[in-house]
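Worksheet: the structure to be examined is printed underneath.
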Number of protein chains: 2
Amino acid sequence: MEIMKKLTLEEVGKLAGVSRATVSRVVNGYPHIRPEIRERVQRVIDETGYRPNLLARSLASDRSNIIGLVIPSGAQAVFTDPYFPCLTQGISRGVNSNNLTLALFMVHSAKEEERTILSILGTGLIDGLIVTSDNKGDVFIPELLKHEMPFVQIGRSLYSDKIYRVDTDNIAGSYMATQHLISLGYQRIATIATNRNCSGDDRFTGYCSAFADHGKVVDRKLVVYGDYTVDSGYHAMKQLIPQRPDAVFITSDTMALGGMRALQEANLRVPDDIAVVGYDDLPPAVQANPQLTTVRQPIEQTGFLAVSMLVKILSGDDPPSHQIVLPVELVVRASCGATRLKSTSHPIQEDTYQAN
Amino acid sequence: MEIMKKLTLEEVGKLAGVSRATVSRVVNGYPHIRPEIRERVQRVIDETGYRPNLLARSLASDRSNIIGLVIPSGAQAVFTDPYFPCLTQGISRGVNSNNLTLALFMVHSAKEEERTILSILGTGLIDGLIVTSDNKGDVFIPELLKHEMPFVQIGRSLYSDKIYRVDTDNIAGSYMATQHLISLGYQRIATIATNRNCSGDDRFTGYCSAFADHGKVVDRKLVVYGDYTVDSGYHAMKQLIPQRPDAVFITSDTMALGGMRALQEANLRVPDDIAVVGYDDLPPAVQANPQLTTVRQPIEQTGFLAVSMLVKILSGDDPPSHQIVLPVELVVRASCGATRLKSTSHPIQEDTYQAN
DNA sequence: TCTTGATTTGAGAGCGCTCTCAAGTAGAGT
DNA sequence: ACTCTACTTGAGAGCGCTCTCAAATCAAGA
């Protein structure tokens with residue numbers, strides 16, 4: 001059945017008694033072929049197990065159908081945080097369903113950054129990119145713009161509004177989280193924020209506007225910063241404890257884990273002594289004790305939509321909008337104290353508030 | 001400086017007053033070029049920002065310098081488990097330092113399996129593969145063998161001994177873990193095992209041989225199975241509790257997390273009522289409470305070495321050995337009870353026993 | 001000066017595919 | 001029967017690079 005010898009279009013054509021061009025038409029599903037010929041060619045293809053050489057095709061058509069995913073060096077969190085695996089999963093689904101190939105570019109150091117750019121740009125290998133960096137001082141974006149490489153950014157961008165991007169609604173998410181704490185009656189609501197990237201900024205913005213909308217003023221002493229690691233959450237919380245907050249909105253579940261450890265060491269009970277709300281709704285949120293009230297973002301969908309968007313761009317028809325911002329939802333579990341009065345702590349119990 | 005127009009070898013040659021072939025030689029660092037000519041060509045390259053077209057090069061040289069990483073559908077754990085991110089990180093480092101490009105093939109369903117195979121095999125796109133599956137009923141390996149696609153497997157294989165692979169020493173690791181519990185004097189040492197893949201088998205083997213070497217017999221009632229998820233660990237432990245074990249060797253940290261939750265719900269204290277040892281030494285191990293005694297495997301190094309091995313294979317010189325098995329180490333923390341009598345529970349305190 | 005052999009360059013034939021263009025073949029309309 | 005407009009096919013020119021081969025150049029030995 002399957003003959004191992006690598007065949008070419010030409011040879012398949014010879015076997016079917018037609019020209020290379022005709023075989024190419026069959027392979028690519030073009031119209032205007034006499035059914036019997038199409039069938040004959042198809043049979044030869046099936047019998048020989050012919051597969052077109054992708055490199056030759058790409059070279060001739062000036063289209064590789066390979067898209068790249070760039071994960072910048074800033075993201076050391078790759079190990080710790082299920083965020084990237086989830087996102088990659090979504091992107092991979094998108095890639096598969098669009099018959100593309102995914103090239104993964106992980107940048108491990110500033111030095112590799114240059115190398116990566118060079119190996120992507122102007123080599124014809126990559127049709128387009130998905131860039132996950134939303135670090136503020138990013139060097140990639142301007143470079144991509146300059147070289148006119150089509151790309152979609154995951155997250156928010158400091159650059160032009162013309163950049164295609166898909167993001168989750170960080171502002172709304174942290175607004176909800178904060179408002180939830182306010183509505184539960186907490187008075188001294190602190191936050192562990194991040195100022196390294198745009199989503200960090202947005203989450204802080206949401207926190208602030210919830211305060212503003214409730215006629216409250218943000219107390220700078222109740223704002224500390226971390227960097228998305230467990231440790232940074234731990235240390236931030238240590239800093240916070242002397243300020244005696246009665247609730248903390250921690251802008252990532254991973255940091256929340258560290259924060260709760262600090263709380264535990266200080267013999268403060270969650271949520272009785274201090275309420276905690278996280279962000280991300282990644283597995284650690286459920287594994288935590290008590291389980292974390294947190295903001296869930298559709299990470300996998302983000303990746304999938306980014307691919308769809310890129311595909312549209314590559315195919316020439318501009319997507320309707322340059323920006324997609326996906327809604328998030330608040331997942332209420334035990335750590336915020338809202339369920340304190342409820343029946344019992346059934347392991348899977350949770351309430352959900354849809355945004356938008 | 002950098003002219004955006006996409007140049008070809010031919011055009012660079014014209015600018016430098018030499019032929020395409022000569023430019024090619026300069027680009028690829030061949031000898032036998034008059035220094036002044038080399039310099040002149042190099043200057044034109046620098047000034048124009050010429051980059052060779054990788055597709056054309058690949059087609060002409062029959063070598064794409066792209067290697068694929070296959071993550072099979074079995075591995076839904078991708079989200080939960082930092083294992084894959086770590087491994088990918090190592091592979092990515094290897095890829096970068098060998099000037100390759102990494103293509104990521106995630107298979108999300110059995111249906112996609114076929115599609116993936118077809119898009120990899122016989123298309124000329126991929127020079128070689130790294131396959132992470134060690135699922136027993138794997139369909140990839142035989143297919144790769146049949147098509148003579150060079151590949152390195154991460155993990156153990158049921159197939160031929162001729163398969164190139166790199167693995168960690170699962171047998172030694174679980175032997176150490178089990179022996180450690182035995183030497184601490186525990187009498188009823190249970191295990192939460194896995195029988196889905198080879199590493200699961202190996203870890204169970206190690207558990208058994210530690211028993212054998214100490215003249216003990218494995219009690220079947222103290223052996224239950226999970227599937228590497230938190231939930232399965234939870235349920236497995238539920239099953240185990242009625243058997244009254246005084247120690248449990250759980251063959252993954254992720255399952256250990258679930259197991260410890262079950263223990264907590266049953267009001268059993270770790271390690272006082274029951275000792276726990278995990279496997280993997282992933283971040284959850286440290287985040288657990290108490291911190292987990294566990295077996296650490298060099299995951300990132302595994303990935304890196306797999307790439308090195310593949311590069312050797314592709315370059316034609318057969319690697320000295322078909323198999324690399326990396327040593328693992330036991331990391332002693334609080335959950336096994338060994339540190340119970342020691343000074344205090346300093347957060348980073350841990351002892352380490354090197355294997356091999 | 002003439003060989004000999006090494007070094008340095010260019011010409012040209014592909015790699016396997018896409019895609020345009022023109023030639024050939026039918027079917028419909030008059 | 002004859003034109004006109006589809007539809008169907010093949011020829012051939014690339015895509016940008018590698019790599020072989022032979023021509024050209026040059027240094028050194030006889």
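Order of the sequence lines sets the chain letters (A, B, ...), proteins ahead of strands, with each chain counted from 1. Basis for what follows: all heavy atoms, side chains included, without hydrogens, waters or symmetry-related copies.
Contact annotation: A/S24 reaches the phosphate of C/dT18 (side-chain N/O to OP1 or OP2, under 4.0 Å). Note on A/T8: every side-chain N or O is 4.0 Å or more away from OP1 and OP2 of C/dG16. The phosphate of D/dT18 (OP1 or OP2) has a side-chain N or O of B/N28 nearer than 4.0 angstrom. For the pair A/Y50 and C/dC17, the criterion of a side-chain N or O lying under 4.0 Å from OP1 or OP2 is met. In this model, the phosphate group of C/dG10 is approached by a side-chain N or O of B/T22 to a distance below 4.0 Å at OP1 or OP2.
Rounded to whole Å, the distance from CD on A/E10 to C1' on C/dA13 is 15 Å. A straight line from CZ of B/R34 to P of C/dT9 spans 5 Å, rounded to a whole angstrom. Put simply, CG on A/L7 is 14 Å from C1' on C/dC17, counting in whole angstrom units. Distance B/I37 CD1 to D/dC26 P: 12 Å, rounded to the nearest Å. Separating the CZ atom of A/R38 from the P atom of D/dC7 is a distance of 14 Å, rounded to the nearest angstrom. With rounding to whole Å, A/D62 atom CG is found 7 Å from D/dG16 atom P. Between the NE2 atom of A/H32 and the P atom of C/dC21 there is a distance of 16 Å, rounded to whole Å. The CZ atom of B/R63 sits 20 Å away from the C1' atom of C/dG14 (whole-angstrom rounding).
Residue B/Y30 places its side chain closer to D/dC19 than to any other of D/dC19, D/dA11, C/dC17. Side-chain proximity of B/A60 to the nucleotides C/dG16, C/dG10, D/dG16 is greatest for D/dG16. The listed nucleotides are C/dC15, C/dG16, C/dT7; the one nearest the side chain of A/N53 is C/dG16. Comparing C/dC17, C/dC19, C/dG16 by their closest approach to the side chain of A/P52 singles out C/dC17.
Rounding to the nearest 0.5 angstrom, the gap separating the CD atom in A/Q89 from the CZ atom in A/F84 is 15.0 Å. For the atom pair B/T88 OG1 and A/M106 CE, the distance stands at 6.5 Å (nearest 0.5 Å). Between the CD1 atom of A/I33 and the CZ atom of A/R25 there is a distance of 7.0 Å, given to the nearest 0.5 Å.
Proximity of B/L15 to B/T48: side-chain heavy atoms (C-beta onward) are separated by under 4.5 Å at one or more points.
In this structure, A/S58 and B/A21 both approach DNA chain C, and ranking their closest nucleotides by distance from the 5' end singles out B/A21.
Judged by distance alone with a 3.5 Å cut-off, a donor-acceptor contact links the side chain of B/R20 to the base of D/dT18. You'll find a donor-acceptor pair under 3.5 Å spanning the side chain of A/R25 and the base of D/dG10, going by distance alone.
Paired with A/E36 under the rule salt bridge (charged side-chain N to carboxylate O under 4.0 Å, His left out), one option of A/R38, A/R34, A/R40 passes, and it is A/R34.
A/L9 comes within contact range of at least one nucleobase, with a heavy-atom separation under 4.0 Å. As judged by a 4.0 angstrom heavy-atom cut-off over every strand, B/I33 is placed among residues touching the sugar-phosphate backbone only.
Of the possible polar contacts, one joining the A/D127 side chain to the A/S64 backbone as a donor-acceptor pair under 3.5 Å is found.
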